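Working notes, structure below.
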Amino acid sequence: MVQVCLNGARGAADGAAVPLSPESLAGSAAEAVAAGATEIHVHPKTPCGRDSLSPRVVAAALDAIRRRVAVPVGVTTGAWAEPDPAVRVARVRDWTVRPDHASVNWHEPGAEELAARLMALGIGVEAGIWSGTDGAARFADSPLGPKVLRVLAEVTDPEPDSAEAEARRLLSGLGSAHGRPVLLHGQDGGTWPVLRLAGRLGLATRIGLEDTLFLPDGRRALSNARLVAEGLHQYESARHSSAGSTGSTGSTASDTASGPPGR
C-alpha cells in the first residue's frame, strides 16, 4: 500500500505544486491515484491556507476529493490545527462528513481521548508514532493499541545519511506494535532512503508533497503524481533487490526491525 500525502502543513510559499483548495486537492488526488496511489492523506485548509479541523473545511475537502476518487481518504488531527485537546475532540465530534481514517499523533496531549472519539464514530485511527518523541512508549501502554487501523512510523530525521538508522531504531522501539500493520515513511532529505527501506522490509509506505518537494535526483517535484510514480519505482526496485535474502514480507514492526542491512 502506497499512500499519497497531498499537502501536509505546507502552504503557498512551498510552490504552486502544493494543492491547497478543495478543487486543487481533488485534482491532485485523482492524478496520484491514476499514478498508483492506493490511499490519500490530506490536510484540509482554510481559504487562507491554514490547517483546520473545522467541520465545514473538512467536509469541503472530503467531498471534493471523493467526487474524483474511490479510494480511502484520511485527514490529519495534528495539534497545530487545533492546540486545545478538548476543542480538538469537539471538532471531530461535529464533523458532518467523516473521513475513512484520521491520523493521531500519540505524543500529543489528548491523543488517547481523541483516538477513542474517532473510533466511537467509526473512523479508523492511524497511530502516528514520531521518532524522537515518547510516542512509542505511550502507544505500547495504550489499551487502544490493538484497535487502531495501522501504525504510522514517522521518521523525523531529515538527513539522508542518518534517516534509515533512525527508522530502524523507531521500528525496534515499536516492538510488536500491538500486531497492527505498520506504514513507514520519512520526511525531507530522509524521505527516499526511508521509502526504500520500507520496500526492503515489505512495509506499507507513503509519498507526496507533505514529505518532500524533491525527486531522488534533486529535481523539484512538479506534482504528487510524479512523486507517486517515482516512489513506486523506488519501492519495487528495493523490494525486488532484497527478494530471497530474508523472505520477509511481514507487516509489523517486530517482524521487520532487524531486516537486511541498509544501502
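Keep in mind that what you see is a predicted model, and the values were worked out from it rather than measured.
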Over all atoms of both residues, closest heavy-atom pair of [X] and [Y]:
X	Y	value
G78	N105	CA-ND2, 3.9 Å
D51	G8	OD1-O, 3.7 Å
L25	P19	CD2-O, 3.5 Å
I207	V228	CG2-CA, 3.8 Å
A35	L232	O-CD1, 3.3 Å
L171	A153	CD2-CB, 4.2 Å

Rounded distance (nearest 0.5 Å) linking atom [atom1] of [X] with atom [atom2] of [Y]:
X	Y	atom1	atom2	result
H185	L203	NE2	CG	12.5 Å
L183	Q3	CG	CD	5.5 Å
L215	Q234	CG	CD	9.5 Å
R67	L62	CZ	CG	10.5 Å
E126	L118	CD	CG	11.0 Å

Inset, instruction - Start with the C-alpha gap between T156 and S131, add the side-chain angles, then the distance that decides, and say whether side-chain hydrogen bond (donor to acceptor under 3.5 Å, both in side chains) holds. - result: CA-CA 6 Å; T156 59; S131 64; 3.0 Å; yes

Do the side chains of [Y] and [X] get nearer than 4.5 Å, heavy atoms only?
X	Y	result
L149	V125	no
V75	P44	yes
R196	Y235	no
L152	E154	yes
D134	F139	no
I40	V33	yes
K45	S21	no
T191	E210	no

In terms of hydrophobic clusters joined by side-chain contacts under 4.5 Å, are [X] and [Y] together?
X	Y	result
L213	L222	no
L53	W80	no
V87	V57	no

[X] and [Y] ion-paired at < 4.0 Å:
X	Y	answer
E23	R68	no
E230	R226	yes
R150	E39	yes
D84	R91	no
D188	R10	yes

Could you tell me whether a side-chain N or O of [X] sits under 3.5 Å from a main-chain N or O of [Y], the two making a donor and an acceptor?
X	Y	result
S172	R169	no
D14	G11	yes
T38	M1	no
T205	L184	yes
S142	R138	no
R98	L121	yes
N224	L6	yes
W192	D217	no
T77	S103	yes

Inset, instruction - State whether a side-chain donor-acceptor pair under 3.5 Å links W106 with E112. - result: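 Their side chains do contain a donor-acceptor pair, which is all the 3.5 Å distance test asks for.
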
Inset, instruction - Determine, for F214 and R220, whether the Lys NZ or Arg CZ falls below 6.0 Å from the six-membered ring centre while staying within 45 degrees of the axis. - result: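 That pair qualifies as a cation-pi contact.
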
Inset, instruction - Can you label the angle between the H107 ring and the W130 ring as parallel, tilted or perpendicular, going by 30° and 60°? - result: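 Ring orientation, 0 to 90° scale: tilted.
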
Legend entry - Check against salt bridge (charged side-chain N to carboxylate O under 4.0 Å, His left out), R117 and E113: CA-CA 6 Å; R117 170 59 65 178; E113 294 80 2; over 6 Å; no

Inset, instruction - In sequence, state the C-alpha distance, the side-chain angles, and the governing distance for N7 and H43, and then conclude on side-chain hydrogen bond (donor to acceptor under 3.5 Å, both in side chains). - result: CA-CA 6 Å; N7 55 359; H43 290 212; 5.1 Å; no

Legend entry - side chain to side chain contact (heavy atoms under 4.5 Å, CB included) between L144 and M119, worked out: CA-CA 9 Å; L144 298 179; M119 290 177 184; 4.1 Å; yes

Legend entry - Full working for side chain to side chain contact (heavy atoms under 4.5 Å, CB included) between R66 and D100: CA-CA 11 Å; R66 284 170 170 162; D100 297 285; 3.2 Å; yes

